[in-house]
Amino acid sequence: MNRNIMMSIIALVLAGIPASAQSEVKGLPENSKVPDYSDYILTPKPGKEPRINGARVFGARPGSKFLFTVAATGERPMTFGATGLPKGLSIDSKTGRITGRVAEKGEYVVELTAANSLGTAKRSLRIVIGDRIALTPPMGWNSWNCWGRDVTQEQVLSSARAMYDKGLVNHGWTYINIDDGWQGNRGGKYNAIQSNTKFPDMKGLTREVHDLGLKLGIYSSPWVGTYAAHIGSYADTPDGEYHWIKEGKTNKNFRYTLPEGNYMQYRKKVRYHSPYSFVENDAKQWVEWEVDYLKYDWKPNDVAHIREMHDALRATDRDIVYSLSNNAPLCDAPALVEYADCWRTTGDIRDTWENFSKIGFNQSRWAPWSGPGHWPDADMLVVGLVGWGPKLHYTRLTPDEQYTHMSLWSLFASPLLIGCDLARLDDFTLSLLTNDEVIDVNQDPLGVHGAPIVDNNEEAIYVKQLEDGSMAVGLFNKTLEPREMSIKLQQLGFYDKKTIRDLWRQKDIATVEGNYSSTVNPHGCVLLKIY
């Protein structure tokens, strides 16, 4: 048996999983059965009364098209309001969507309201019209860890509808991002990348996504060909031709095909730079399609190509979140902060403890470069049904490992991008993704990247300063045995009594002065707020 699978099963047994669930877990790598993890749900279900969630600060550029959906849980119907909106913006009282354009730079404190038959919730939102967007880490979904290069328009729409129907939109989830696999040949008004037959109506797709109060993302590369062997934002010739298309070495979706199947040869055939750039052409097409997010993917990332796409996007009147991938070099951090909204710090994540924990516990070097408008990205959340292609399996991470995954990503303010099939979300995965107090740690307006005060082979303690003066603290057990862990409040600068709140359970659990201790499950965590 694969060592990673064995380790996960051992951890599940140690955590006390029921025998019925264990039998399903053993079959996960070969099928898409979803184990019953309902006994491990910690997140309380939202109440029927209104509660406003999500980001407390939102950035847009002067003159750009504005879309912000007020995230709120509670019984419907619900009526929304906003006082103090800048000139040019208005709110739809039925949907909570704020739209319009603001001409001038400025900061505006807006009071949002959400009301139903049980009461009214109020919350402040700071709208910043300036040079930076993505003032909190983007939250959304990406197609790659689920559908890989086989992604279709209907699958993307299915995820968008599920994000809306399952209430994720009410917790601040926003982006529906298409990864590699949508591209056809060049053409159209701008001689830009057109969509292939799997995406028959890209303009209609963005319209449907926007009608749900969500935003759409897309993918490209400064290579001639992408990782999945579709065309990139450069071409072989000044006319925009590609050798494999000209030679007929494609499938019906213009993906390069190599009959002999030699992977290394295939890489050499498409993954290269060219002097013929179509970056501006593609940016214009994405604006016409009303795209909101770009994943720009190649390795090694270099400043010249980073800046070129940045300049092309900024020359338009649309706010498009600019996310780089992958394995960004730390030596280029100043340029990444200047030109990108997010950048991948790693290669592709996988749903094993060895892989995700190696990524998660090695993000601290990026802490000085993280903040509002520029976020180091530790890659997608490998929870739920994943598979990187048409065959999906339930994540190999144990419930405790999934709590560690979500807690770590929230503490170091990574973009939160779901990688699973949203249409088949189980209750446990949904509970991981809809805990508003955990999400608040990720979306805190201060934008601090959590850092470890303890980190060794057996345990780690991460801390993160929050805007309200409180501290988020994560206790992480890296071993396969339950572990007693302690935190000294003086290490955090607290010298009087403080309240300890369990963020996953959303309840205060102690008032202490001095030390706090807790037993942490194997590969698990305890996520606290100290205030």
Side-chain angles (χ1 to χ4, degrees), residues 144 149 151 177-196 199 202 217-251 253-258 263-289 291 293-316 318 320-329 332 335-336 339-344 347-348:
W144 186 256
R149 70 191 186 207
V151 63
N177 294 342
I178 311 166
D179 209 285
D180 208 350
W182 66 270
Q183 309 94 315
N185 202 356
R186 285 203 170 273
K189 178 179 178 181
Y190 303 108
N191 196 21
I193 303 173
Q194 302 299 297
S195 56
N196 59 38
F199 287 83
M202 193 66 80
I218 212 161
Y219 173 100
S220 194
S221 171
W223 282 334
V224 169
T226 66
Y227 278 97
H230 288 275
I231 68 173
S233 288
Y234 275 69
D236 286 321
T237 71
D239 295 330
E241 287 189 334
Y242 293 82
H243 68 84
W244 65 93
I245 295 176
K246 187 176 181 180
E247 296 164 5
K249 295 181 179 179
T250 73
N251 63 13
N253 291 311
F254 292 94
R255 180 175 181 269
Y256 181 85
T257 57
L258 193 64
Y263 179 67
M264 293 303 294
Q265 186 176 348
Y266 142 72
R267 288 177 59 184
K268 294 177 182 177
K269 291 285 186 179
V270 300
R271 299 182 193 175
Y272 59 89
H273 291 294
S274 160
Y276 304 114
S277 171
F278 289 82
V279 166
E280 292 184 4
N281 308 60
D282 293 342
K284 291 175 182 177
Q285 181 66 77
W286 299 330
V287 169
E288 184 175 287
W289 286 339
V291 165
Y293 191 110
L294 169 66
K295 177 180 176 181
Y296 206 43
D297 192 14
W298 79 107
K299 180 183 175 182
N301 297 159
D302 63 281
V303 175
H305 286 103
I306 292 171
R307 184 173 56 237
E308 180 191 29
M309 181 59 80
H310 165 273
D311 292 347
L313 295 175
R314 287 299 302 272
T316 73
R318 188 162 190 83
I320 298 177
V321 172
Y322 183 30
S323 177
L324 302 174
S325 182
N326 61 84
N327 273 298
D332 287 337
L336 299 173
Y339 297 120
D341 300 307
C342 322
W343 58 88
R344 274 269 300 282
D348 287 355

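Between Val287 and Ile320 there is a side-chain heavy-atom pair separated by less than 4.5 Å. In this structure, Gln285 and Lys189 have side chains that are not in contact, with every pair of non-hydrogen atoms separated by 4.5 Å or more. When side chains are defined from C-beta on, Leu324 counts as touching Trp298, because their heavy atoms get closer than 4.5 Å. Contact check for Thr226 versus Ser220: no side-chain heavy atoms found under the 4.5 Å cut-off. For the pair Ser277 and Glu308, the minimum side-chain heavy-atom distance is below 4.5 Å. For the pair Trp244/Val270, a side-chain contact is recorded, criterion being any heavy-atom separation below 4.5 Å from C-beta on. Residues Ile218 and Trp289 have side chains in contact (heavy-atom distance under 4.5 Å, counting atoms from C-beta outward). The shortest distance between side-chain heavy atoms of Tyr256 and Asn251 does not fall below 4.5 Å.
A donor-acceptor distance shorter than 3.5 angstrom exists from the side chain of Ser221 to the backbone of Asp297, with no hydrogens or angles considered. Between the side chain of Asn326 and the backbone N or O of Gly347 there is no donor-acceptor pair closer than 3.5 Å. A donor-acceptor contact shorter than 3.5 Å is absent between the side chain of Thr250 and the backbone of Arg255. Between the side chain of Asn196 and the backbone N or O of Gln183 there is at least one donor-acceptor pair closer than 3.5 Å.
Applying the side chain to side chain donor-acceptor pair (under 3.5 Å) criterion to Asp179, with sequence neighbours excluded, gives Asn142, Lys295. Here Asp348 pairs with Arg344 under the salt bridge (charged side-chain N to carboxylate O under 4.0 Å, His left out) rule; sequence neighbours left out. In terms of the side-chain contact (heavy atoms from CB on, under 4.5 Å) criterion, residue partners of Lys246 (sequence neighbours excluded) are, by chain and number, Glu241. Every residue meeting the side-chain contact (heavy atoms from CB on, under 4.5 Å) condition with His310, not counting sequence neighbours, appears here in chain and number order: Arg314, Tyr322, Tyr339. Annotation: ring pair (Phe, Tyr, Trp, His ring centres under 6.0 Å) contacts of Tyr219 (sequence neighbours excluded): none.
Tested against Asp332, the residues Asn301, Val303, Ile306 include a single side-chain contact (heavy atoms from CB on, under 4.5 Å) partner, Val303.
Listed by first and then second residue, the salt bridge (Lys or Arg N to Asp or Glu O under 4.0 Å) pairs that reach into residues 276-285 are Arg186-Asp282, sequence neighbours excluded.
The two residues Phe278 and Pro238 have their closest heavy-atom pair at CZ-O, 3.4 Å. Between Tyr272 and His243, the shortest heavy-atom distance links the atoms OH-CD2, 3.3 Å.
If you look at His305 and Tyr234, their ring centroids are closer than 6.0 Å.
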